[in-house]
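See below for the structure under consideration.
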Amino acid sequence: MSESVGRKIATVTGWNIIEQPRISNGKSKLQKNFSKYCQIAKREAVLLIVDMDRPSKACPCPVALIEEWTGGNAIPPGMFFRIAVREVEAWLLADHEAMRNLLGGQPKLSSDPDNMEDPKRELLNLLKRVKKYVRDDVVRVSGSNLFQGVGYNAVLEKWVNDTWSPERAAQRSESLKRAFYRLHG
Amino acid sequence: MIVTRLLLRNWRNFIEVDIPLHERTYLLGANASGKSNLLDVFRFLRDVSKSQGGGIQKAMHDRGGIQKVRCLHARNDPEVRIEIHLSESLDTPSDWRYILAFRNEARGEHRISVSSEEVFHNDDRLLLRPDKEDTEDPARLTQTAMEQIQANLRFRSLAKHFEGITYLHLIPQLLKFGDRIGGQLLEGDPFGQGFLERVAREPKHIRDSRLKKLGESLSWVVPHFHELRFIKDRATGHPHLEARYVHHRPGAGWQREDQFSDGTLRLLALLWILYEGDSLLLLEEPELSLNNSIVQQIPLLFQRVNRDRKKRPRQILTSTHSEALLSNEGIDPRGVLLLEPEKEGTSIRTINEREAALLRDGFSVSEVLLPAIALETAKHLSAI
Ligand SMILES: Nc1ncnc2c1ncn2[C@@H]1O[C@H](COP(=O)(O)OP(=O)(O)OP(=O)(O)O)[C@@H](O)[C@H]1O
Ligand SMILES: [Mg+2]
């Protein structure tokens with residue numbers, strides 16, 4: 001998901017996207033390769049979007065997360081290292097117009113998604129109410145629990161690409177706003 | 001109808017198996033762990049129940065006799081036993097139960113002899129064999145009741161369901177070059193060679209609406225793919241599929257299936273068969289010759305076809321080695337079965353509590369379950 005969001009932001013802000021090395025998903029994979037991305041960032045621009053996730057003792061805030069990844073070393077100028085608070089789903093929820101387009105009707109949407117406990121859960125709960133045709137692709141209900149469905153990524157990635165606007169979403173998410181205007185230059 | 005549970009004793013490399021099945025079930029295991037052997041149980045039930053050319057003698061003969069099928073690890077127990085539970089849907093309690101056990105005749109021609117056969121419907125026993133007549137005439141035990149029209153009247157719907165079971169291990173080359181290699185069709189067409197004939201057999205309106213749907217799904221994954229049509233060659237009468245692509249020059253015309261890419265053909269046949277029947281579908285490694293980004297969407301493909309099929313979702317049992325397929329985080333972990341080779345035979349299990357917790361944490365089936373299988377394989381490789 002972060003990958004499509006990153007693509008969309010980079011496209012809107014006028015960057016050229018080169019597909020090598022393979023753009024990857026997964027926080028631990030990214031962290032493992034962090035020093036390699038820093039090498040690339042000496043020559044080209046690199047956009048890295050990482051979910052903040054639940055704050056922990058070791059990592060209470062975005063600054064601490066950056067500290068943990070860089071080990072205190074300076075970040076090369078070509079590196080755009082952005083933290084989504086709490087996670088990239090909050091950025092999706094921040095574009096109300098696109099959300100309404102996705103969900104239909106008049107869903108109750110938060111005006112401050114950066115401060116949500118669990119944005120992904122929130123998004124799944126909202127998706128539970130979409131018309132059945134889409135619902136069975138994007139959510140899976142198991143007993144009283146709600147999980148992402150087999151088409152969650154496919155459907156949302158298409159929606160991010162076609163409908164979601166980082167500019168609109170930046171109006172409600174501080175962390176996205178900063179990412180967006182950094183890239184906008 | 002949906003198969004909800006399967007119990008086995010002494011079937012190929014399984015001494016004892018008791019597993020649940022879901023609407024969509026994935027079989028995971030190292031090479032030679034027994035995935036195809038497990039699928040073969042259902043093919044066997046189909047072969048027994050076929051109204052033409054079926055029956056237990058032939059089904060066993062085609063498999064090289066009971067000595068090939070009975071588990072080599074089984075010590076004194078000469079019997080192979082299959083028990084299968086079915087229900088109208090996943091949410092209703094299982095209403096059908098079929099039990100079939102057999103062994104070799106001790107004397108004479110050493111034919112296969114049914115040692116017990118039982119059918120239950122909603123806990124009513126509809127069949128219990130051997131019965132009095134069987135005891136009087138043991139030759140009767142060379143046939144199952146399931147294979148006899150006169151005997152299966154009260155559970156005909158069960159026999160029909162078994163008969164409708166489809167197995168597919170599609171090999172595109174056999175389809176493309178069928179004419180040239182003298183295309184002999186195996187029974188049940190496991191390799192999909194007869195795919196075009198199946199398309200031809202469908203009434204025109206069903207064929208057209210299905211091809212339209214397939215075209216939509218294909219354009220979703222095959223670059224520049226535009227349109228699909230069915231034709232019969234004027235000269236030979238052979239059925240063909242033709243496709244048109246967006247960027248071909250205007251007069252470029254249509255391409256025939258022998259020009260399709262392997263992946264396009266596999267996907268086409270796979271989609272067609274998903275729409276085709278009603279009974280259980282057995283799929284071998286649907287990931288072959290497809291790009292990972294498509295493979296990742298195979299679970300979504302299954303889901304979308306079943307959505308189109310509305311009230312009659314098709315049950316699918318899939319063997320797979322694919323990391324990409326299993327990286328789809330939407331897969332229902334209850335539908336995942338692990339085959340674990342042991343010193344004697346293979347055991348099958350569902351995911352355990354620890355694994356379930358990892359999946360709830362947001363890891364995918366491929367991240368949680370494939371490492372152990374890779375380790376198993378590595379152990380064998382290091383012995384080479
Ligand atoms: N009657 C039997 N008793 C014990 N083992 C058997 C019996 N019949 C077959 N096998 C074993 O089963 C194994 C083959 O299993 P199978 O073909 O189902 O594997 P698979 O999981 O489909 O592997 P692959 O991923 O390579 O397709 C072989 O090692 C074979 O020795
Ligand atoms: Mg196999």
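Below, chain A is the first sequence line, B the second, and so on; all start at residue 1. All heavy atoms count here, side chains included; hydrogens, waters and symmetry mates do not.
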Quiz item: When you look at B/Leu274 and B/Phe302, which way does the side-chain contact (heavy atoms from CB on, under 4.5 Å) test go after all the steps?
Solution: CA-CA 8 Å; B/Leu274 283 170; B/Phe302 291 169; 3.9 Å; yes
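- Distance check: B/Ile273 CD1 to B/Phe195 CZ gives 7.0 Å after rounding to the nearest 0.5 Å.
- Neither side chain, A/Asp95 nor A/Ser165, offers a donor N or O lying under 3.5 Å from an acceptor on the other.
- For a residue to count as touching a neighbouring chain, one of its non-hydrogen atoms must lie under 4.5 Å from one of that chain's; by this rule A/Val139 does not touch chain B.
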Give the atom names and distances for all donor-acceptor pairs closer than 3.5 Å across chain A and chain B.
unit_1   : atom_1 : unit_2   : atom_2 : d
A/Tyr133 : O      : B/Arg307 : NH1    : 2.7
A/Tyr133 : OH     : B/Arg307 : NH2    : 3.4
A/Asp136 : O      : B/Gln303 : NE2    : 3.1
A/Asp137 : OD1    : B/Gln303 : NE2    : 3.1
A/Asp137 : OD2    : B/Arg304 : NE     : 2.7
A/Asp137 : OD2    : B/Arg304 : NH2    : 3.0
A/Asp137 : OD2    : B/Arg307 : NH1    : 3.1
A/Arg140 : NE     : B/Gly330 : O      : 3.1
A/Arg140 : NH1    : B/Asp332 : OD1    : 3.4
A/Val150 : O      : B/Asn328 : ND2    : 2.9

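- Surrounding CD of A/Glu68 are more than 12 heavy atoms belonging to other residues, nucleotides or ligands, all under 6.0 Å away.
- Counting only N and O atoms by type, the side chains of A/Asp114 and A/Ser173 include a donor and acceptor under 3.5 Å apart.
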Quiz prompt | Chi angles and distances behind the side-chain contact (heavy atoms from CB on, under 4.5 Å) call for B/Ile84, B/Phe42 | solution = CA-CA 10 Å; B/Ile84 181 168; B/Phe42 299 98; 3.9 Å; yes
